[in-house]
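Side-chain atoms are counted along with the backbone in the values below, which use heavy atoms only and exclude waters and symmetry mates.
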Amino acid sequence: MELFYHPLSRYSQKVLIALYEKQANFYPRITDLRDPLPRKAFQHFYPPAKLPLLKTQDGALIPESSIIIEYLDRHFTNGTQLLPQESQRNLQVRLYDRIIDNDINNPLFQLEKLKRADEKREFEIKQIEKQMLTQFQRLDTHLAQNHWVCGDSFTLADCALIPCLSYSFKHLNLLELDELVRYWQQAQLRGAWMLVLEEVLLAEMEEDTGLRSIP
Ligand SMILES: N[C@@H](CCC(=O)N[C@@H](CS)C(=O)NCC(=O)O)C(=O)O
């Protein structure tokens with residue numbers, strides 16, 4: 001299997017967590033879409049040019065982080081089961097995965113874009129921050145009854161949430177949300193996330209210094 005991804009892309013981090021949870025081997029194909037040459041090559045290979053993308057052993061291309069994780073969960077029986085078999089719990093996990101992608105991860109992209117823009121659109125920034133705070137408050141209440149996002153076991157919904165939390169804790173005022181703070185502390189001790197974070201920090205260092213490690 002090959003995974004086309006970038007360590008600084010949150011949707012890529014979501015899939016990396018799943019791969020480590022499943023203890024699945026893969027060839028890492030780091031793809032920087034900001035660089036015109038790799039972007040063109042990747043677009044030629046996969047015209048929608050979105051990361052992450054999984055190439056399976058039989059050559060099929062699977063896009064969309066949640067679908068990639070469902071594929072991994074079906075084909076790799078080792079490691080953590082990320083989608084429960086029981087139908088009600090399965091639906092709940094998929095529901096939270098959608099809520100997190102749509103109402104947390106995607107607004108974070110808008111927020112990052114607005115904050116990077118030269119012209120500061122403070123009103124829009126405040127509006128998105130307010131909506132996200134409401135989402136996090138809901139999640140905090142939910143986490144009071146749940147050790148991980150959907151109960152006692154680690155699932156797809158946790159793969160979706162954890163990559164969103166570094167930026168959110170840095171930029172939103174979340175420290176009063178006790179359950180979310182507890183969740184974030186426990187997530188940072190999860191082995192799969194620690195492995196992902198190592199790669200994220202290395203990539204951030206490379207961005208800051210302009211130095212690339214020797215492959
Ligand atoms: N719904 C998709 C979202 C994927 C996505 O938006 N990926 C971003 C990077 S995190 C991307 O490839 N954007 C295209 C670009 O940067 O040109 C998923 O879950 O995989």
Side-chain angles (χ1 to χ4, degrees), residues 5-18 21 50-52 64-66 69 82-84 88-190 192-194 196-197 199-201 203-204 207-208:
Y5 74 102
H6 192 277
L8 299 181
S9 127
R10 280 191 297 274
Y11 284 109
S12 298
Q13 294 165 14
K14 173 175 165 182
V15 170
L16 287 173
I17 296 175
E21 287 289 338
K50 282 214 168 195
L51 299 171
E64 289 294 327
S65 55
S66 305
I69 295 175
L82 296 168
L83 282 125
Q88 206 55 36
R89 285 209 55 233
N90 182 292
L91 269 187
Q92 201 203 25
V93 167
R94 289 155 59 101
L95 171 65
Y96 271 89
D97 173 62
R98 293 300 75 233
I99 291 175
I100 292 162
D101 278 7
N102 292 330
D103 300 338
I104 295 181
N105 207 344
N106 292 343
L108 270 182
F109 280 111
Q110 287 173 276
L111 199 59
E112 286 167 320
K113 203 167 154 197
L114 285 168
K115 286 197 173 190
R116 274 199 311 264
D118 294 335
E119 182 206 339
K120 290 280 168 275
R121 284 145 61 184
E122 289 299 338
F123 180 71
E124 276 174 73
I125 291 178
K126 288 272 165 286
Q127 248 187 343
I128 297 176
E129 285 178 344
K130 198 170 155 210
Q131 282 163 8
M132 292 194 63
L133 200 57
T134 307
Q135 283 305 328
F136 277 121
Q137 281 160 345
R138 281 197 195 126
L139 205 52
D140 184 65
T141 309
H142 172 80
L143 285 170
Q145 310 296 328
N146 290 271
H147 184 66
W148 292 107
V149 174
C150 293
D152 288 340
S153 41
F154 191 97
T155 64
L156 162 70
D158 298 289
C159 299
L161 179 60
I162 293 171
C164 302
L165 292 180
S166 310
Y167 187 89
S168 301
F169 268 99
K170 269 186 220 142
H171 292 88
L172 302 170
N173 191 9
L174 301 178
L175 290 175
E176 281 167 20
L177 303 178
D178 291 345
E179 291 298 330
L180 193 69
V181 171
R182 183 270 299 161
Y183 177 90
W184 181 218
Q185 284 170 347
Q186 122 199 349
Q188 287 174 93
L189 298 173
R190 187 89 184 175
W193 173 246
M194 284 176 168
V196 177
L197 192 60
E199 201 177 338
V200 172
L201 295 176
E204 280 175 351
E207 297 265 299
D208 292 346

Engineer: Counting distance only, does the side-chain N/O of Asp140 pair as donor-acceptor with the main-chain N or O of Leu180 below 3.5 Å?
Structural biologist: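 At least one qualifying donor-acceptor pair exists.
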Engineer: Do the side chains of Leu16 and Tyr5 get nearer than 4.5 Å, heavy atoms only?
Structural biologist: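 Tyr5 reaches Leu16 side chain to side chain.
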Engineer: Which pairs with one or both residues in residues 101-111 pass salt bridge (Lys or Arg N to Asp or Glu O under 4.0 Å), sequence neighbours excluded?
Structural biologist: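 Passing the test, one end in residues 101-111: Lys14-Asp101, Arg98-Asp101.
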Engineer: Calculate, to the nearest 0.5 Å, the distance between atoms CG and CG belonging to Leu83 and Leu156 respectively.
Structural biologist: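 Reported value, rounded in 0.5 Å steps: 5.0 Å.
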Engineer: So, using side-chain hydrogen bond (donor to acceptor under 3.5 Å, both in side chains) as the criterion, who are the partners of Gln110 when residues are at least two apart?
Structural biologist: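 If we apply the side-chain hydrogen bond (donor to acceptor under 3.5 Å, both in side chains) test to Gln110, skipping adjacent residues, there are no hits.
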Engineer: Run Val181 and Leu174 through side-chain contact (heavy atoms from CB on, under 4.5 Å) and show every step you take.
Structural biologist: CA-CA 8 Å; Val181 171; Leu174 301 178; 5.9 Å; no
Engineer: Not counting sequence neighbours, list each pair that qualifies as a salt bridge (Lys or Arg N to Asp or Glu O under 4.0 Å) and has a residue in residues 167-189.
Structural biologist: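 Found Glu179-Arg182.
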Engineer: Provide the closest heavy-atom pair for Pro107 versus Ile128 in the form atom of the first, atom of the second, distance.
Structural biologist: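 So the minimum-distance heavy-atom pair works out to O-CG2, 3.8 Å.
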Engineer: If we ignore angles and hydrogens, is there a donor and acceptor under 3.5 Å between the side chains of Gln188 and Tyr183?
Structural biologist: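 Per modelled atom types, Gln188 and Tyr183 side chains form no pair under 3.5 Å.
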Engineer: Would you compute the distance between atom CD of Gln127 and atom CG of Leu111 and round it to the nearest 0.5 angstrom?
Structural biologist: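 Taking CD in Gln127 and CG in Leu111, the distance rounds to 12.0 Å.
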Engineer: List the atom of Ser166, the atom of Trp193, and the distance in Å for their closest heavy-atom pair.
Structural biologist: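 Closest heavy-atom pair between Ser166 and Trp193: OG-CZ2, 4.0 Å.
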Engineer: For residues 132-139, please give each side-chain donor-acceptor pair under 3.5 Å, one per line with the distance, not counting sequence neighbours.
Structural biologist:
residue: Thr134; atom: OG1; partner: Lys130; partner atom: O; Å: 3.0

Engineer: Might you point out which heavy atoms bring Leu161 and Ile104 nearest each other, and give the distance in Å?
Structural biologist: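 Between these two residues, the closest heavy atoms are CD1-CD1, 4.3 Å.
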Engineer: For a side-chain contact (heavy atoms from CB on, under 4.5 Å) check, start with the C-alpha distance between Cys159 and Leu82, then their side-chain angles and the critical distance, and finish with the verdict.
Structural biologist: CA-CA 9 Å; Cys159 299; Leu82 296 168; 4.2 Å; yes
Engineer: Please name all residues satisfying ring-ring contact (aromatic ring centres under 6.0 Å, His included) with Tyr96, sequence neighbours left out, ordered by chain then number.
Structural biologist: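 In terms of ring-ring contact (aromatic ring centres under 6.0 Å, His included), with neighbours along the sequence ignored, Tyr96 is linked to His142.
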Engineer: So Gln186 and Trp148, do their side chains get closer than 4.5 Å, heavy atoms only?
Structural biologist: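 In contact.
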Engineer: If you measure from CG on Leu165 to CG on Leu172, what distance do you get to the nearest 0.5 Å?
Structural biologist: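 Between Leu165 CG and Leu172 CG, I get 10.5 Å after rounding to 0.5 Å.
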Engineer: Are side-chain heavy atoms of Val93 and Asn90 found at a separation under 4.5 Å?
Structural biologist: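 No, every pair of side-chain atoms sits at 4.5 Å or beyond.
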Engineer: Drop me the distance from Asp97's CG to Ser66's OG, to the nearest 0.5 angstrom.
Structural biologist: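 Going from the CG atom of Asp97 to the OG atom of Ser66 covers 3.5 Å.
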Engineer: So, using side chain to side chain contact (heavy atoms under 4.5 Å, CB included) as the criterion, who are the partners of Arg10 when residues are at least two apart?
Structural biologist: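 Testing Arg10 for side chain to side chain contact (heavy atoms under 4.5 Å, CB included), a comparison that skips the adjacent residues, returns Gln13, Asn105, Leu108, Phe109, Glu112, Pro163, Cys164.
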Engineer: I'd like to know if Glu21 and Arg190 make a salt bridge, using a cut-off of under 4.0 Å between side-chain N and carboxylate O.
Structural biologist: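 Yes.
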Engineer: Could you measure the distance from the CD atom of Gln131 to the NZ atom of Lys126? Nearest 0.5 Å is fine.
Structural biologist: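 Those atoms lie 13.5 Å apart.
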Engineer: Using a strict cut-off of less than 4.0 Å between a Lys/Arg side-chain nitrogen and an Asp/Glu carboxylate oxygen, indicate whether Glu129 and Lys115 qualify as a salt bridge.
Structural biologist: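 Between Lys115 and Glu129 there is a salt bridge, with a charged N closer than 4.0 Å to a carboxylate O.
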Engineer: Would the distance check show the side chain of Arg94 and the main-chain N or O of Arg89 forming a donor-acceptor pair, the cut-off being under 3.5 Å?
Structural biologist: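 Not confirmed, Arg94 side chain does not pair with Arg89 backbone.
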Engineer: Is the Phe169 ring parallel, tilted or perpendicular to the Trp184 ring (thresholds 30°, 60°)?
Structural biologist: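 Phe169 vs Trp184 ring planes: parallel.
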